[in-house]
Every structure is written in structure tokens, then in C-alpha cells.
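What follows is a single structure, written as C-alpha cells, with notes after it.
Keep in mind that this is a model prediction, so the values were computed, not measured. All values below come from the heavy atoms of this structure, side chains included, with hydrogens, waters and symmetry mates left out.
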2 protein chains.
Amino acid sequence: MSTTRQKILEVTGELFARQGYAGTGMNQIVAEGGAALGSIYHFFPGGKAQLCAESIRRSGELYLTLIDDIIGGAENIDEGVRDFFLGAGEHLVRTNYADACPIATIALEVASTDEELRQATAEAFGSWVSAAARHLQRGGVPAAEAAQLATFALAALEGAFILCRASQSTEAIESVATHVQRAVQDAVARVDRSKGRGTGPIPGRSSRGVQADA
Amino acid sequence: MSTTRQKILEVTGELFARQGYAGTGMNQIVAEGGAALGSIYHFFPGGKAQLCAESIRRSGELYLTLIDDIIGGAENIDEGVRDFFLGAGEHLVRTNYADACPIATIALEVASTDEELRQATAEAFGSWVSAAARHLQRGGVPAAEAAQLATFALAALEGAFILCRASQSTEAIESVATHVQRAVQDAVARVDRSKGRGTGPIPGRSSRGVQADA
DNA sequence: GTCTATAAACCGATAGAC
DNA sequence: GTCTATCGGTTTATAGAC
């Protein structure tokens, strides 16, 4: 209902994503135009921890719809995967390597220090993996393999975000995109072949034919 | 020379790795038995920032030798890669998912807030990628492909660390290990085949035959 | 619901005795 | 070189007027 609550979560999510949990102060959230300090504690009586927990959940849901929109909007999965990685790379450049994963920094900070926040990050990551796995299954990949492949893809993306932000270069996400796309194509091709379909020149998995990003 | 300086860096490295830069206080470093507060400022007059910078460099060198020891100590690269990921997974469990990458948390925290520390993390990551690429080349992978593959492998490892710490499960690192090992085997096989060697049943890249972790 | 003033605790950093 | 006491500033969180 109230727009103030929403605005607080927006500003909080952005700051936590860029500077982390411990590195962002309540006064900075206030200064960034979120709301007055009193309003923050009015809507989030649990203080900074509650604010962070709800911010993690909100970011989790937003990124989930991003995954669904981009991958679900593509013609097939490996094209969707490529779109997602390319889009993430462009967004990195556009924001000067500030905006990558909305919860990764928090996740590492709280993993060994705050059990409740740790679980919140785990649930968000889990929902993204599930979504990606669902799209892979839609593309014909068996459930068990889809889950493993989705976990791998998210891990590769998260790691690429770290390396890209540190080096201020898109090199890592391009390398990762190539390899993840290859893994997805392999999984799909394996299914197609076992079903006897001939979707293309499968045998031998050519060393090239994936698309060269760099 | 002085053992105190070393001890300070040890304690600092551990705390920064587990709780991050902003989340770790100087007094906590003192409390953890590193040294007296005055001693810290005696050896690191630049304060917390200098302490962090040197800690990043030290962690970078230590992890570099770990990479060289484990991968270099294996009979071939893809076995070395498997050893490294398996070892990392076991270490995660042994430390209750506290010890993963020594600088990842710091890297995300400072990427958009502290230019000097950001560069320090970038150099550490770069040295690890170079080392891994060197081992891949030793295994016959062409230089350009080795660099890309090494970047991908490190990114996948880093991302797996995030997901494993968040979920308190080794599932992610196992999934990632399987796929990274597969990519390495592919790269090696491609070279062997182009050289006309017959190292095994290459054509068609069997859908199984990598080793099932989970 | 929103705001300001402020409390209480803690932060990084310094001074100076030893 | 090592230690303790402490400064000045900032932190999270609260109180209370509006």
C-alpha cells in the first residue's frame, strides 16, 4: 500500500548490492532519499537486519522474473542463456561494473555470521536455480540433469560477476557465457540424439560452432 | 623478520575472508589474538586499508601456491582440476562452510567503493587465472583457449563457493566440478585429436564417462 | 506516518608510558 | 616494539514532538 515502504526497499536494495550489508549505514539510506530514519524503523521495527532480510526477498523475486522474462522469452534455451549472459554483461558496463548480482555480496558477508539472513540468500539462489532448471526441462533436458546444469550456470554467472567487477572487464562473463552455452547445447543435443531427432550436425561436437564472443 | 607482523596478517586474512572488510573491526583482530592495537598501527601505519591491501596480496600468493601444488602435482590437468575442486569442497565441509575464497567477499565489497583495494583483488585473481592457464598449456591447450578456459574455471569455482556457503551444501561445487572437468577434457581431447593421437574413445564425446559425483 | 534530536555503543585511529 | 587509555566520529536504534 504505502509507497514509502517500497521506496525504502528500492534504495536499500541498491546500496546493499553495491556496498554490502556492513558497508551500508542506515543514515546513508536516509541520505539517498529513501525516507526519514523514523519512517524506516516504523516500517521495519526489526531494524537493519529485518530491512536486509526483506530486501533480499524482494531482490530475489525481481531477479527471478528477470530470469523468466529473458530465458522464457527466447526461442530456445541456449539462445535464452546467451541472451541472459549478454544482457548481464551489458548491464555491468552500463553501470560501471557496480550492478551485478543483487545479493551476492550480502550472501558472502552473512554466510558465517547471520543464520537468518544466510537462509534468505539461500532461498533466493534456490528459486533462481529452480527457474533455470524449469526452462531447461522445457527444452527437453531431464529433471536431474537440468537441476545440476542450472546450478552450474548460476555459479558460473556469479563467479563471472566477481571477476568482472574486480577487473572492470567483461572478459570473464564472455568466457563463462561461451562455456555455459556449450554445456546447455550439449545437454539438449544429447536428448535430441537419444530421441532420434536430427536437429543438426551432432556427432563429434565440433570444436567450433558455438559462436565466438571475444 | 618479525613474527608479530605475520601473525597479524594471518588473523586478519582469516577474519576478512569470513566476515568481509567492513564487517571486521580492528578491535576484533586484536581480540582474536593477532596483537595489540598499537602493534597493528606500528606495522601498518596506513591503518585498516593498508592492512587489507597487504592481506589481499598475501592471500593471493598463498592461494597461488595452492593452485600450483595441487594442479601441478597431479598426473594430468583434468585430474588436477578434479583434485582441486574436490579438495575445496572438503575444506568447505571441514570449516563449516566458512573458508572458501580468501578474497571474494572483500572483492565484492570494495569493487565499487575503494579503487586501490579493487586493484589488489584484481591482481590476485589475475595471478590465479595465469597459473591455471599455464597448467592448461602444459597439458597441450593452446594459449588463447587456455586463458579463456582458466578464467571460466575460476569463475565457476568462485560462484560455487557463494552457492555452497549460502546453502551449506556441496551440491554446487560438485555440479561445477563435473562441468569444468568436462570442458577441460574437451579442450585436451580436441588438441589430441588434431594431433592425430588416439588417447581414447573421442568421437561423439560420450554423454557419460566423466565421473558422477552426486 | 513523518520527522528531528539524541542516546548508547562502537568504530578507526592516536598518544604516550613502558 | 608493545601495551593501555582515550579521542573524535559514526553506528544502530529510540524518544517524542508534530
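Between Asp99(B) and Arg94(B) there is no salt bridge, since no side-chain nitrogen of the basic residue lies less than 4.0 Å from a carboxylate oxygen of the acidic one. A salt bridge is absent between Arg58(A) and Glu61(A); no separation between the charged side-chain nitrogens and carboxylate oxygens falls under 4.0 Å.
In terms of phosphate contacts, Thr4(A) brings a side-chain nitrogen or oxygen within less than 4.0 Å of OP1 or OP2 of dT2(C). Taking only side-chain nitrogens and oxygens, Tyr41(A) comes nearer than 4.0 Å to OP1 or OP2 of dA13(D).
Straight-line distance from the CD atom of Gln50(B) to the C1' atom of dG12(C): 14 Å, rounded to whole Å. Taking atom CG of Leu37(A) as the reference point, atom C1' of dT4(C) lies 10 Å away to the nearest angstrom. We find that CZ of Phe44(A) is positioned 11 Å from P of dT2(C), with the value rounded to whole Å. In this structure, Ile29(A) atom CD1 and dT10(D) atom P are separated by 17 Å, rounded to whole Å. The distance between atom NZ of Lys48(B) and atom P of dT14(C), rounded to the nearest whole Å, is 15 Å. At whole-Å resolution of the value, CD1 in Ile40(B) and C1' in dA15(C) are 17 Å apart. In this entry the distance linking CD1 of Ile8(B) with C1' of dG1(D) reads 11 Å, nearest Å. The separation between Tyr21(A) atom OH and dT11(D) atom P is 14 Å, rounded to whole Å.
Judged purely by distance below 3.5 Å, without hydrogens or angles, the side chains of Thr24(A) and Gln19(A) pair a donor atom with an acceptor atom. Side-chain contact, Glu32(A) with Gln28(A): no donor N or O sits under 3.5 Å from an acceptor N or O.
Taking the nucleotide of DNA chain D with the nearest heavy atom to each of Gly38(A) and Asn27(A), the more 5' of the two is matched to Asn27(A). In terms of position on DNA chain D, the residue among Met26(A) and His42(B) whose nearest nucleotide sits closer to the 5' end is His42(B).
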